[in-house]
Amino acid sequence: MMAPSLESQQQLPLQEEIASENINNNVVAHHQPEDESSTKSKVAVVGSGNWGSVASKLIASNTLKLPSFHDEVRMWVFEETLPSGEKLSEVINRTNENVKYLPGIKLGKNVVADPDLEHAVRDATMLVFVTPHQFMEGICKRLVGKIRKDAEAISLIKGMEVKKEGPCMISTLISEILGVNCCVLMGANIANEIAVEKFSEATVGYRGNRDIAEKWVQLFNTSYFVVSPVQDVEGVELCGTLKNVVALAAGFVDGLDMGNNTKAAIMRIGLREMKAFSKLLFSSVKDSTFFESCGVADLITTCLGGRNRKCADAFARNGGKRSFDELEAEMLQGQKLQGVSTAKEVYEVLSYRGWLELFPLFTTVHEICIGRLPPSAIVEYSEHTPKFSLVEGSAQFY
Ligand SMILES: NC(=O)C1=CN([C@@H]2O[C@H](COP(=O)(O)OP(=O)(O)OC[C@H]3O[C@@H](n4cnc5c(N)ncnc54)[C@H](O)[C@@H]3O)[C@@H](O)[C@H]2O)C=CC1
Ligand SMILES: O=C(CO)COP(=O)(O)O
């Protein structure tokens with residue numbers, strides 16, 4: 001069932017969709033509506049988990065204030081039936097709360113939950129992608145031919161895919177499958193804190209067109225959520241992705257009660273590996289990006305208060321005897337961990353390229369996650385540390 005449109009009265013009848021004749025048959029060319037409202041940007045948020053709901057709230061507070069945006073923010077909901085027997089999207093529209101993924105927080109009356117993916121995106125000129133990364137390829141494939149030709153995209157998703165050809169960042173996946181430009185927004189952004197409007201910062205990564213980045217900044221920026229643009233999509237996205245692996249290491253250390261110095265050491269070594277890995281994959285990645293909110297700040301907040309840290313702590317306390325799948329289901333009630341699959345994806349890249357010894361922390365985290373090593377190995381691996389500083393050429397990346 002499609003959700004009602006907040007702006008149905010001002011909305012023009014949907015124009016007949018015609019297939020784009022040239023360049024890109026991934027997208028649908030709509031006739032441009034003719035009245036003044038057609039020049040306004042229309043936002044759809046693809047995803048409605050913990051961060052997806054908070055992102056919708058942030059955006060919706062701005063679209064009400066900014067005349068260049070339509071008020072309505074359409075939020076795609078992966079439909080599920082609640083224990084009460086009601087559909088999640090219907091409850092969100094009735095209560096203005098995502099009772100499952102962000103209980104107790106009003107999203108703003110101009111957020112409309114829509115369980116129909118194609119319907120949610122079809123008029124949008126600004127597409128915000130924010131689902132757990134493992135679902136994105138399937139979602140993008142469903143959207144081929146269903147989005148506007150002039151749409152711009154941004155990804156808030158922390159993760160990557162590994163293909164036969166090598167690693168593929170989620171923003172690249174979106175760009176390649178949908179034929180759209182895709183920026184990224186990452187940062188020290190634990191969703192529940194932003195939901196109650198505690199001050200934080202974020203980084204928009206863009207390539208090329210600064211005007212587009214400025215528009216995304218405008219859409220997200222508030223007095224308590226300060227967003228800065230950086231011309232380094234890969235650097236920003238890799239920071240957001242890789243810090244989840246380091247957060248698992250920090251959680252193991254917490255679960256073993258090893259104290260603050262050890263945790264700080266793990267974070268420092270992790271940051272060094274994040275930088276080295278990013279620069280090996282993309283020589284364009286800037287050192288300065290690691291000092292933005294997406295870099296060191298996100299690493300710190302996730303290692304202190306994130307879900308990856310929390311589940312890794314429990315994993316270590318249980319001596320690795322309970323799987324991450326089990327802990328995720330029990331501790332997160334439907335929310336998803338990104339670090340465990342990212343550690344595997346990073347390991348595949350390292351293994352394929354013969355870099356395992358250059359990245360002892362990343363390598364060890366994956367081996368602990370799959371039960372090949374005990375959680376205590378997170379500090380024992382340091383005996384290998386001299387090896388990577390001896391590897392010729394590696395030092396330049398640190
Ligand atoms: N929660 C947070 O504090 C932050 C999360 N992020 C990132 O944002 C991204 C999304 O995270 P959250 O919004 O927190 O999601 P979440 O962890 O709350 O994930 C649950 C979401 O996945 C959906 N889902 C479950 N099965 C699905 C399927 N088969 N297909 C599509 N969707 C399905 C659920 O309906 C729900 O909306 C992740 O990459 C995460 O790393 C980034 C910053 C902060
Ligand atoms: O990315 C996050 C904070 O910026 C949230 O991290 P977790 O997924 O570990 O909770």
Side-chain angles (χ1 to χ4, degrees), residues 45-58 75-82 87-89 92 98-103 105 113 115 117 120 128-143 154-161 169-171 173-174 184-196 198 200-203 220 225 236-237 239-251 292-313 324 328-329 331-343 345:
V45 178
V46 177
S48 51
N50 187 231
W51 182 219
S53 301
V54 177
S56 299
K57 173 183 183 280
L58 268 176
M75 178 176 80
W76 173 63
V77 173
F78 178 76
E79 192 63 290
E80 57 189 286
T81 305
L82 298 172
K87 298 284 184 209
L88 176 59
S89 64
I92 296 174
N98 188 336
V99 292
K100 174 150 184 194
Y101 295 101
L102 191 66
I105 303 289
L117 178 62
V128 178
F129 289 97
V130 53
T131 69
H133 78 281
Q134 58 270 36
F135 305 129
M136 266 318 290
E137 187 163 10
I139 289 171
C140 284
K141 286 182 176 160
R142 285 176 59 192
L143 290 179
I154 194 164
S155 170
L156 277 51
I157 299 165
K158 294 174 175 173
M160 63 199 259
E161 290 280 326
M169 301 314 295
I170 299 299
S171 67
L173 192 83
I174 293 168
V184 297
L185 181 144
M186 308 276 144
N189 298 150
I190 290 183
N192 292 335
E193 297 179 16
I194 298 164
V196 291
K198 291 186 176 163
S200 63
E201 298 179 307
T203 315
F220 282 94
F225 190 72
V236 173
E237 194 168 3
C239 279
T241 299
L242 297 171
K243 63 84 191 173
N244 283 335
V245 181
V246 186
L248 293 175
E292 299 290 341
S293 177
C294 64
V296 65
D298 195 8
L299 178 70
I300 292 169
T301 202
T302 310
C303 288
L304 296 181
R307 299 167 298 186
N308 286 286
R309 188 222 66 81
K310 182 173 156 182
C311 291
D313 180 324
F324 271 103
E328 178 188 71
M331 299 174 77
L332 301 185
Q333 286 100 36
Q335 294 184 34
K336 301 284 178 198
L337 287 179
Q338 301 286 263
V340 177
S341 49
T342 303
E345 286 144 9

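Order of appearance sets the numbers: ligands from 1, and atoms from 1 within every ligand. Note that the structure is predicted; figures quoted are calculated from it, not measured.
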May I ask you to check whether Asp298 has an N/O atom sitting below 3.5 Å from an N/O atom of ligand 2?
-> yes
Arg307 N/O to ligand 2 N/O under 3.5 Å =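 Yes; the residue has a nitrogen or oxygen that sits under 3.5 Å from a nitrogen or oxygen of the ligand.
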For side chain to side chain contact (heavy atoms under 4.5 Å, CB included), just list the numbers for Ile92 and Met75, CA-CA rounded to whole Å, side-chain angles, deciding distance to a tenth of an Å, and then say yes or no.
-> CA-CA 10 Å; Ile92 296 174; Met75 178 176 80; 4.1 Å; yes
Heavy atom under 4.0 Å from ligand 1: found in [X]'s side chain, backbone, both, or neither?
| X | answer |
| --- | --- |
| Gln338 | side chain |
| Asn50 | both |
| Ile190 | backbone |
| Leu156 | backbone |

Would you mind listing which atoms of ligand 2 come within a distance below 4.0 Å of any non-hydrogen atom of [X]?
| X | result |
| --- | --- |
| Asn189 | 3 (C), 4 (O) |
| Gly187 | 4 (O) |
| Gly306 | 9 (O), 10 (O) |

To check you understand the geometry: which heavy-atom pair defines the closest contact between [X] and [Y], and what is its length?
| X | Y | value |
| --- | --- | --- |
| Leu156 | Met186 | C-CE, 3.9 Å |
| Thr342 | Gly159 | OG1-CA, 4.3 Å |
| Asn308 | Leu248 | O-CD2, 3.5 Å |
| Trp51 | Val130 | CD1-CG2, 3.6 Å |
| Ala202 | Leu185 | CB-CD2, 4.1 Å |
| Asp298 | Thr302 | O-OG1, 2.8 Å |

Hey, does the side chain of [X] reach the backbone of [Y] with a donor-acceptor pair shorter than 3.5 angstrom?
| X | Y | answer |
| --- | --- | --- |
| Glu328 | Leu337 | yes |
| Glu161 | Ile170 | no |
| Thr203 | Glu292 | no |
| Glu237 | Ser171 | yes |

Looking at ligand 1, is there an atom of it that comes within less than 4.0 Å of some heavy atom belonging to [X]?
| X | value |
| --- | --- |
| Met186 | no |
| Gly47 | no |
| Lys100 | no |
| Gly159 | no |

Using heavy-atom distances, let me know which of Ser155, Pro132, Gly52 sits nearest atom 22 (O) of ligand 1.
->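 Nearest heavy atom to atom 22 (O) of ligand 1 lies in Pro132.
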Of the listed options Lys158, Arg307, Glu193, His133, closest to atom 11 (O) of ligand 1 (non-hydrogen atoms) =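 Considering heavy atoms of Lys158, Arg307, Glu193, His133, the nearest to atom 11 (O) of ligand 1 sits in Arg307.
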Could you tell me whether ligand 2 has any atom less than 4.0 Å away from a heavy atom of Gly305?
->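 It does not; every heavy atom stays at 4.0 Å or beyond.
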[atom]: nearest protein contact (heavy atom, Å):
| atom | value |
| --- | --- |
| atom 3 (O) of ligand 1 | Ala191 N, 2.9 Å |
| atom 8 (O) of ligand 1 | Trp51 CD1, 3.4 Å |
| atom 34 (C) of ligand 1 | Tyr101 OH, 3.5 Å |
| atom 9 (C) of ligand 1 | Thr131 O, 3.5 Å |
| atom 17 (O) of ligand 1 | Lys336 N, 2.8 Å |
| atom 20 (C) of ligand 1 | Gly334 O, 3.5 Å |
| atom 44 (C) of ligand 1 | Asn189 O, 2.9 Å |

Is the closest N or O pair between Gly49 and ligand 1 shorter than 3.5 Å?
-> yes
If we set the cut-off at 4.0 Å for heavy atoms, which region of [X] has an atom near ligand 2: side chain, backbone, both, or neither?
| X | answer |
| --- | --- |
| Lys243 | side chain |
| Lys158 | side chain |
| Asn308 | both |

Proximal ligand 1 atoms for Ile157, defined as those under 4.0 Å from one of its heavy atoms = 39 (O)
Atom indices of ligand 1 within 4.0 angstrom of Glu80 heavy atoms, with elements = 35 (O)
Taking side chain as C-beta onward, heavy atoms only, is Tyr101 less than 4.5 Å from Ser48?
->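 Tyr101 vs Ser48: side chains apart.
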Does any non-hydrogen side-chain atom of Leu102 lie less than 4.5 Å from one of Asn192?
-> yes
Would you mind telling me which of Ser53, Ser89, Ser56 makes a side-chain hydrogen bond (donor to acceptor under 3.5 Å, both in side chains) with Asn98?
->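 Answer to the side-chain hydrogen bond (donor to acceptor under 3.5 Å, both in side chains) test with Asn98 among Ser53, Ser89, Ser56: Ser53.
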Pair Gln338, Gln134: side-chain N/O donor-acceptor within cut-off below 3.5 Å |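 Yes, side-chain donor-acceptor contact under 3.5 Å.
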Give the ring-plane orientation class for Phe78 versus Phe135, where under 30° counts as parallel, over 60° as perpendicular and anything between as tilted.
-> parallel
